[in-house]
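Inspection log for the structure reproduced underneath, given as structure tokens.
None of these values were measured; they are calculated from a predicted model. Residues: numbered from 1 along the sequence shown.
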Amino acid sequence: MKVHLRDLGFKQAEFEAVLQKRKEAGPHGLEEVEFQFGPNPGEPLKPLRKVGSSGELARVMLAVKSSLAEKDNTPLMVFDEIDANVGGEVAAAVGRKMAGLGEAHQVVSITHFPQVAAVAANHYLVEKVVEKGRTFSRLREVTGDERVNELVRMLGSGGKEAKSMARKLLEKP
């Protein structure tokens, strides 16, 4: 778990899954699990649900899923803006981590980060279109130059530099 946390930008974080006995057995067993998290060195572990920001919660859950990936039988994982509230370097790490999960599971990610979209095996664009006064959402795959152009759009700029960066993001390590 620590390796996954470090990969996702938590260089010195601590994490524990604490089991707490229940008074009696319930539909989920005799124990409850409390995730304890300490993102900063020297600070005590506290319940993740109380101390984690939305970005931290998302990345910790990605680290948990990555830790359990080989044992998890879940065929499909959906991440909706798991990269919210993170910077570019961490977004790239999130993308790499999800790509790793994609080796054993089908992973669907809704993202606005080109660093995440670029590592996907397939890239789809959600578009809203208005036809006859009604709004519809469409999903279509973008490939080749169209994918490069979509990454340029996600980068928020145009020109040769943005196109070069988009192509570089698509290069597989």
Side-chain angles (χ1 to χ4, degrees), residues 1-11 13 15 35 37 39 48-49 52-173:
M1 177 71 180
K2 281 187 177 187
V3 170
H4 297 293
L5 287 171
R6 302 229 184 325
D7 289 347
L8 293 167
F10 295 113
K11 300 301 180 199
F15 175 87
F35 289 161
F37 184 60
L48 176 62
R49 62 188 160 80
S53 68
S54 62
E56 288 171 334
L57 286 169
R59 287 185 288 147
V60 169
M61 290 299 102
L62 181 55
V64 168
K65 284 294 192 182
S66 296
S67 295
L68 300 173
E70 290 181 17
K71 305 289 183 200
D72 191 348
N73 291 328
T74 305
L76 171 65
M77 295 182 189
V78 178
F79 296 98
D80 186 0
E81 297 189 20
I82 194 167
D83 48 20
N85 302 319
V86 300
E89 183 180 316
V90 174
V94 167
R96 288 189 301 271
K97 190 63 65 178
M98 285 194 297
L101 277 176
E103 293 174 11
H105 306 273
Q106 181 178 6
V107 174
V108 174
S109 173
I110 294 99
T111 185
H112 297 282
F113 269 94
Q115 296 94 322
V116 174
V119 297
N122 302 87
H123 185 158
Y124 294 86
L125 175 64
V126 177
E127 301 175 296
K128 287 189 178 181
V129 295
V130 178
E131 292 177 358
K132 298 180 184 176
R134 299 226 26 232
T135 304
F136 298 92
S137 294
R138 294 212 171 115
L139 180 72
R140 68 180 176 82
E141 187 172 13
V142 290
T143 60
D145 285 340
E146 187 178 26
R147 185 173 187 187
V148 171
N149 292 335
E150 177 56 18
L151 292 175
V152 168
R153 185 194 67 76
M154 293 173 82
L155 285 164
S157 63
K160 286 188 236 177
E161 293 85 8
K163 201 165 249 191
S164 175
M165 177 171 265
R167 285 196 172 97
K168 186 164 181 65
L169 286 172
L170 288 168
E171 292 175 5
K172 303 298 178 201

Verify side-chain contact (heavy atoms from CB on, under 4.5 Å) between M1 and V64, making sure each step is shown before the conclusion.
CA-CA 7 Å; M1 177 71 180; V64 168; 3.4 Å; yes
Looking at V142, L170, T143, which hits side chain to side chain contact (heavy atoms under 4.5 Å, CB included) with H123?
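Going through V142, L170, T143 one by one, the side chain to side chain contact (heavy atoms under 4.5 Å, CB included) with H123 is satisfied by V142 alone.
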Hey, is the main chain of [Y] close enough, under 3.5 Å, to the side chain of [X] for a donor-acceptor pair?
| X | Y | value |
| --- | --- | --- |
| K128 | S137 | no |
| H105 | A69 | yes |
| S66 | L62 | yes |
| D72 | L68 | no |

Looking at [X] and [Y], what are the two nearest heavy atoms and their distance?
| X | Y | value |
| --- | --- | --- |
| A63 | L8 | N-CD1, 3.8 Å |
| G158 | V152 | CA-CG1, 3.9 Å |
| V119 | R147 | N-NH2, 4.4 Å |

Do [X] and [Y] have side-chain heavy atoms sitting under 4.5 Å apart?
| X | Y | answer |
| --- | --- | --- |
| Q115 | M154 | no |
| F79 | V107 | yes |
| L125 | R153 | yes |
| M61 | L48 | yes |

Can you measure from [atom1] ([X]) to [atom2] ([Y]) and round to the nearest 0.5 angstrom?
| X | Y | atom1 | atom2 | result |
| --- | --- | --- | --- | --- |
| M77 | S109 | CE | OG | 13.0 Å |
| L5 | K11 | CG | NZ | 10.5 Å |
| F37 | E56 | CZ | CD | 5.0 Å |
| K97 | R59 | NZ | CZ | 12.5 Å |
| F113 | L169 | CZ | CG | 12.0 Å |
| K65 | T74 | NZ | OG1 | 4.5 Å |

Counting only heavy atoms from other residues, nucleotides and ligands, does the tally under 6.0 Å from CD of E127 exceed 12?
yes
Flag yes if more than 12 heavy atoms outside E131 fall under 6.0 Å of its CD atom; otherwise flag no.
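Yes, because the 6.0 Å sphere around CD of E131 holds more than 12 heavy atoms from other groups.
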Let's go through E150 and R140 carefully: what are the C-alpha distance in whole Å and the side-chain angles of both, what is the deciding distance for salt bridge (charged side-chain N to carboxylate O under 4.0 Å, His left out) to 0.1 Å, and is it a yes or a no?
CA-CA 12 Å; E150 177 56 18; R140 68 180 176 82; over 6 Å; no
After noting the C-alpha distance and the side-chain angles of L151 and M165, does the key distance pass the side-chain contact (heavy atoms from CB on, under 4.5 Å) rule?
CA-CA 9 Å; L151 292 175; M165 177 171 265; over 6 Å; no
Using the ring of each side chain (for Trp, its six-membered ring), is F35 parallel, tilted or perpendicular to F15, with breaks at 30° and 60°?
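The rings of F35 and F15 sit tilted, inter-plane angle from 30° to 60°.
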Go through the side-chain N and O atoms of H112 and E81 and say whether any donor and acceptor fall under 3.5 Å apart.
yes
